[in-house]
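Notes to accompany the following structure.
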Amino acid sequence: MDMRLESLIFYQIYVNSFCDSNGDGIGDIKGVLSKIDYLKALGINAVWLTPFYKSPGKDNGYDISDYYSLNVDMGTTSDIETLIKSLHKNGIFVIVDLVANHTSTAHPWFENSRQKKGKYKDYYFWYKTPPNDWKSVFGGSAWAYDEVRNEYYLHSFATEQADVNWDNENVRKEFEKVVDFWLKKGADGFRCDVLDMIAKDFEEGKNGNGEHLHAYIKGLFHRKGVKCFTVGECWSADINLAKDLTHPSKNALTTLFSFWHLCLEKGRFAKGKPTLYQMLSRLSTWQTQTLKEGLTPTVFFENHDLPRSVSRFCDDKKYRYESATLLGAMLLTHYGIPFLFQGEEIGLTNSWHDTIDGYPDVESVGFYFSKKTKLLKGERLKRIYFGGRDNGRRMMPWTEKKQKSWLAPYDRQREINVKKDADSQKSVFRFYQALVSLRKQEKCLTQGAYVCTRMTKNAYVFTRESDGEKITVACAFEKGATLPEIEGEIILSNYEKTGSRFQPYQVVLYKQIL
Ligand code: TEU
Ligand code: CA
């Protein structure tokens with residue numbers, strides 16, 4: 001298997017909603033197994049599987065009650081072993097989710113801890129009274145009272161997700177065991193959930209990014225005999241943190257997810273829509289900064305926590321095909337490791353639902369009820385429709401037929417589904433296929449220098465160059481743009497005709513032998 005960093009093209013599988021093999025309405029491991037041909041047709045060579053571990057499901061599997069076994073809905077240990085083997089056989093590298101900042105309160109560690117049993121006593125953060133006013137990401141105080149122990153514990157997310165105490169050596173050892181276990185099962189690495197939050201600094205009032213962060217990560221992944229790919233989810237990452245955690249000399253992470261280019265509003269439910277220009281100009285700055293520092297960045301626009309990029313940054317009605325293919329080109333021609341998210345390759349859009357029942361995510365529900373007196377119902381639903389996490393979590397629409405599902409299906413499933421896309425003249429999937437194969441073929445796209453030559457309110461142009469070859473990627477935003485002549489032969493475009501006047505969301509790739 002070709003495991004060189006620069007050749008990786010990831011596809012994130014939200015297992016709960018990718019493919020349901022037994023018709024119970026929940027995606028599962030056997031479902032993923034049945035879609036390997038689809039992944040191969042797309043051409044990706046690595047997958048990230050979201051949590052499939054035992055969990056009460058208060059935060060869709062990110063509240064784990066046993067790191068070593070599968071949730072019954074997901075399948076069995078033998079299913080995951082078979083899946084990893086089959087993916088490997090097909091040349092696909094596999095990373096699994098490692099949720100190390102918190103466990104479910106249903107985890108036996110928490111049960112033992114609330115009873116102050118043995119070594120578990122200090123596995124979590126316990127206080128007689130809350131020591132600060134930290135807030136939970138999902139709303140309200142981050143401190144909850146536990147009757148059994150008669151103390152408060154920290155939960156940065158849902159009340160049922162208690163933060164574990166990484167300052168405790170035994171906790172660190174527990175996670176080393178978890179890492180070893182999944183590597184032994186064949187996983188090639190980990191996507192590490194909110195990894196910047198594992199090191200707290202109570203004195204400085206920082207619920208994350210504490211002074212021991214680097215040491216904890218290095219201790220976890222750079223032990224004797226451990227060698228794996230790691231990507232840390234770090235919402236707080238700036239270039240300094242990225243340097244500290246992902247520079248090869250630092251022996252910490254392979255790469256991280258920085259959200260700077262995606263955090264353009266004041267919170268996910270804020271009013272208004274960011275522009276493609278805002279997003280891409282930050283992406284461009286991040287490219288230049290990371291390249292200069294010798295880091296390997298990730299490139300992504302969607303995941304299971306984000307709304308659909310076509311709806312968020314572009315036009316999901318009149319120009320849906322053009323928008324989706326333009327974003328695809330941005331994903332696959334930049335420097336770094338691209339992470340595609342399921343459904344992005346067919347241009348899935350946000351989904352409208354008339355009641356909050358259509359958006360059961362804990363974060364959306366929290367927003368909906370907490371703003372009851374401040375915003376009208378229609379406005380609250382509109383905000384959730386634009387920014388909510390359920391947009392990425394609905395069952396992958398393989399055909400127009402709506403199946404039984406744990407979450408209401410995409411509202412436009414009849415119009416946007418895998419089969420329809422394949423049958424269509426303008427197939428987003430086929431454009432992605434072309435991009436993926438181009439990325440595999442053209443060394444300059446993976447290893448070449450990145451130079452931004454134009455970034456205006458209406459257009460973006462950049463080049464990738466190495467070994468006497470240059471690819472120029474030019475695109476226009478929502479209004480179209482007139483661009484100066486670009487040298488080279490056109491190798492890909494999402495419009496039939498290309499002149500100096502670019503149409504809305506037009507993207508063109510030019511290749512030049514120098
Ligand atoms: O996400 C981290 C996280 O903080 C996001 O959920 C986001 O910042 C939040 O929605 C703010 O608007 C990870 C997982 O990807 C997510 O699914 C989990 O809910 C969360 O951690 C807790 O494990
Ligand atoms: Ca199922």
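Remember, it's 1-based here, ligands and their atoms both numbered in the order they're listed. Please read all numbers here as calculations on a predicted model, not as lab measurements.
- Counting atoms of ligand 1 from 1 in the listed order, those under 4.0 Å from a heavy atom of Glu233 are 1 (O), 2 (C), 13 (C), 15 (O).
- Taking a cut-off of under 4.0 Å to the non-hydrogen atoms of Val194, the atoms of ligand 1 that pass are 2 (C), 21 (O).
- Glu363 has a carboxylate O that lies under 4.0 Å from a charged side-chain N of Arg268, or vice versa, which qualifies the two as a salt bridge.
- A cation-pi arrangement is absent between Lys173 and Phe175 under the rule of less than 6.0 angstrom and at most 45 degrees off the ring axis.
- Of all protein heavy atoms, the one lying nearest to atom 6 (O) of ligand 1 is Arg389 NH1, 2.8 Å.
- Judged purely by distance below 3.5 Å, without hydrogens or angles, the side chains of Asp79 and Thr82 never pair a donor atom with an acceptor atom.
- You'll find the side chain of Phe52 reaches within 4.5 Å of the side chain of Ile29, heavy atoms only.
- Contact annotation: for Arg393 versus ligand 1, heavy atoms closer than 4.0 Å belong to the side chain alone.
- Ligand 1 places these atoms under 4.0 Å from at least one heavy atom of His102: 22 (C), 23 (O).
- Ser104 and Glu160 share no side-chain donor-acceptor pair at under 3.5 Å.
- Between the side chains of Asn207 and Lys200, at least one donor-acceptor pair of N or O atoms lies under 3.5 Å.
- For Phe138, every heavy-atom contact with ligand 1 shorter than 4.0 Å involves the side chain, none the backbone.
- Heavy-atom contacts of Gln161 reach the following atoms of ligand 1: 22 (C), 23 (O) (cutoff under 4.0 Å).
- The nearest heavy-atom contact from the protein to atom 14 (C) of ligand 1 is Asp193 OD1, 3.0 Å.
- Under 4.0 Å from ligand 1, not a single heavy atom of Met197 appears.
- Of all atoms in ligand 1, numbered sequentially from 1 with element shown, those under 4.0 Å from a heavy atom of Val137 are 9 (C), 11 (C).
- Residues Tyr123 and Glu174 bring a donor and an acceptor atom of their side chains to less than 3.5 Å of each other.
- Nearest to atom 17 (O) of ligand 1 among the protein's heavy atoms is Asp305 OD1, 2.8 Å.
- From the protein, the heavy atom lying nearest to atom 4 (O) of ligand 1 is Phe157 CE2, 3.3 Å.
- Lys227 NZ: 12 or fewer foreign heavy atoms inside a 6.0 Å radius.
- The single protein non-hydrogen atom nearest to atom 7 (C) of ligand 1 is Trp235 CZ2, 3.5 Å, given as residue, atom name and distance.
- Taking the side chain as every heavy atom from C-beta outward, Gln161 and Phe138 approach each other to under 4.5 Å.
- Atom CG of Asp305 and atom CG of Asp361 lie 8.0 Å apart (nearest 0.5 Å).
- Here is the list of ligand 1 atoms found below 4.0 Å of a heavy atom in His304: 14 (C), 15 (O), 16 (C), 17 (O).
- Rounding to the nearest 0.5 Å places CG of Asp188 at 13.5 Å from CH2 of Trp182.
- Looking from atom 11 (C) of ligand 1 to the surrounding protein, the closest heavy atom is Glu363 OE2, 3.1 Å.
- Taking a cut-off of 3.0 Å, the protein N, O or S atoms nearer than that to the Ca ion (ligand 2) are Asp20 OD1, Asn22 OD1, Asp24 OD1, Ile26 O, Asp28 OD2.
- Counting only N and O atoms by type, the side chains of Ser113 and Tyr153 include no donor and acceptor under 3.5 Å apart.
- Between the side chains of Tyr385 and Asn391, no donor-acceptor pair of N or O atoms lies under 3.5 Å.
- For atom 19 (O) of ligand 1, the closest non-hydrogen atom on the protein side is Asp59 OD2, 2.4 Å.
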Trp286 vs Tyr335, ring-ring contact (aromatic ring centres under 6.0 Å, His included): CA-CA, chis, key distance, verdict: CA-CA 10 Å; Trp286 190 250; Tyr335 161 68; over 10 Å; no

